[in-house]
Amino acid sequence: MSVLAIVAFFIALLAIILIHEFGHYLVARRFGFRVLEYFVGFGPKLWSFRRGEIEYGLKAIPAGGYVKIAGMNPFENDVPLGDEDRAYGAKPVWQRALVILAGPLSHFLVAAIIFSALLMTTGETDRTRVSVISSVPAKLDGQPSPAAVAGLRPGDVITRVGELIAPTPSEIGPYLSQHAQDTIPVQVQRGDQVLNLTVTPIVLHPGTDRQTVRLGIELGPQPIGFVPAIAGGVADVGKYARVSIVQIGHAFGPQGVVRVFRLLFEGAPRNQQDVASVIGVGQQVGAIGSTGNWAAFLWVFAYVTLFIGIINLVPLPPFDGGHLAILLIEKVRRKKIDMRKVVPVSAAVLLFLGFFVISTMVLDILKPVPIGP
């Protein structure tokens, strides 16, 4: 199952890259840009065909794909005779901006669709308003589970805990913390029956920073309706986009670079907060796949999809965000920028990114990020 999850993850990752390029392609075609090529992969050409004025095909290295628009390469005169008005540089700034923006926005759209689908099919505990017991372990840290002793079962719907009427999952934990080792009345709906039970929570790891008050139940998330799921999926995109921005700043900032050097050359141990390459993410996905939790797999893929979209918006060439920044400067200055002068900046960014990616890949092979809680 873990191998299947890893293979599925990398196929899905290739698919999102192609969707990214398809976003550029669609908007470019919509505004009449001269699109020359749409290829899957890089390197030597394996197979291609021409439909109309565009060549479609497959190349040897399946590491993504690209759309070639006439006039984007400053070192190549690839604008066909008679198509000068359809070249990239001949189009209005706002059209060029939409063509560039369409790629990263596809990541946001795909992530929103996946988050929404997960909410509709499996739900999320934080958004669940009904407390349904999904699991009642027999033991808690070697002690009998209070819930099992009281007779609670998976599938029971908790309708009352102490003074709480129809408690939500987020309300039960804080209430238990205030009533440690008290005998608490609990009412549950079991099929057509209403049962009144009493449960005494226990304290695990008392007097330590790990102290928790536990009843011995796990509450399962419940699927939510179409409209709330769509709203929740869009909200999750905003939530995890903010998380991604913080992580990108941490990973590629001075602190992150120093951390990579320490891990490479000083023998520092890896922790779960360290940035990982696609190899490390694949290892995490494999661990998730071994549990059979495909909902968690899809969540990770949606988050990675969103993360890649955010990186693409970094305002440095050759990222899409760099192209958008150049267009903004052109709009403010009312003067086109010679893209040949931007190439050294792009090369420096690619050099740094290449070092960072190769370094994290080496670390993921020799010193993997710990997997688990």
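Nothing fancy with the numbering, it's 1 onward along the sequence.
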Establish, yes or no, whether a centroid distance under 6.0 Å links the rings of F355 and F261.
-> yes
Taking the six-membered ring where the residue is Trp, are the ring centres of F115 and Y303 under 6.0 Å apart?
-> no
Tell me, do K45 and E37 make a side-chain contact under 4.5 Å, heavy atoms counted?
-> no
Mind listing the closest non-hydrogen atom pair of V99 and H24 along with its distance?
-> O-ND1, 2.7 Å
Heavy-atom neighbours of R29 CZ exceed 12 at 6.0 Å = no
May I ask you to test the D141-R214 pair for a side-chain heavy-atom distance under 4.5 Å?
-> no
Parallel under 30°, tilted from 30 to 60°, perpendicular over 60°: which one fits the rings of F252 and F356?
-> tilted
Less than 4.0 Å between a side-chain N and a carboxylate O, is that true for R127 and D236?
-> yes
Using a 4.5 Å cut-off on heavy atoms from C-beta on, say whether the side chain of I310 contacts that of I248.
-> yes
Thinking salt bridges, do D338 and K341 make one under a 4.0 Å N-O criterion?
-> no
Find out whether the Lys NZ or Arg CZ of K91 is both under 6.0 angstrom from the six-membered ring centre of F33 and within 45° of the ring's axis.
-> yes
Salt bridge R34-E84, side-chain N to carboxylate O under 4.0 Å | no
Hey, are the side chains of F39 and L58 touching, using non-hydrogen atoms and a 4.5 Å cut-off?
-> no
Any chance CZ of R190 has more than 12 other-residue heavy atoms, nucleotides or ligands included, within less than 6.0 Å?
-> yes
Are any of the side-chain heavy atoms of W299 and L118 separated by less than 4.5 Å?
-> yes
Hey, does the Lys NZ or Arg CZ of R96 hover above the aromatic six-ring of Y88, less than 6.0 Å from the centre and inside 45° of the axis?
-> yes
Cationic tip of K59 above F42 ring, under 6.0 Å, 45° of axis | no
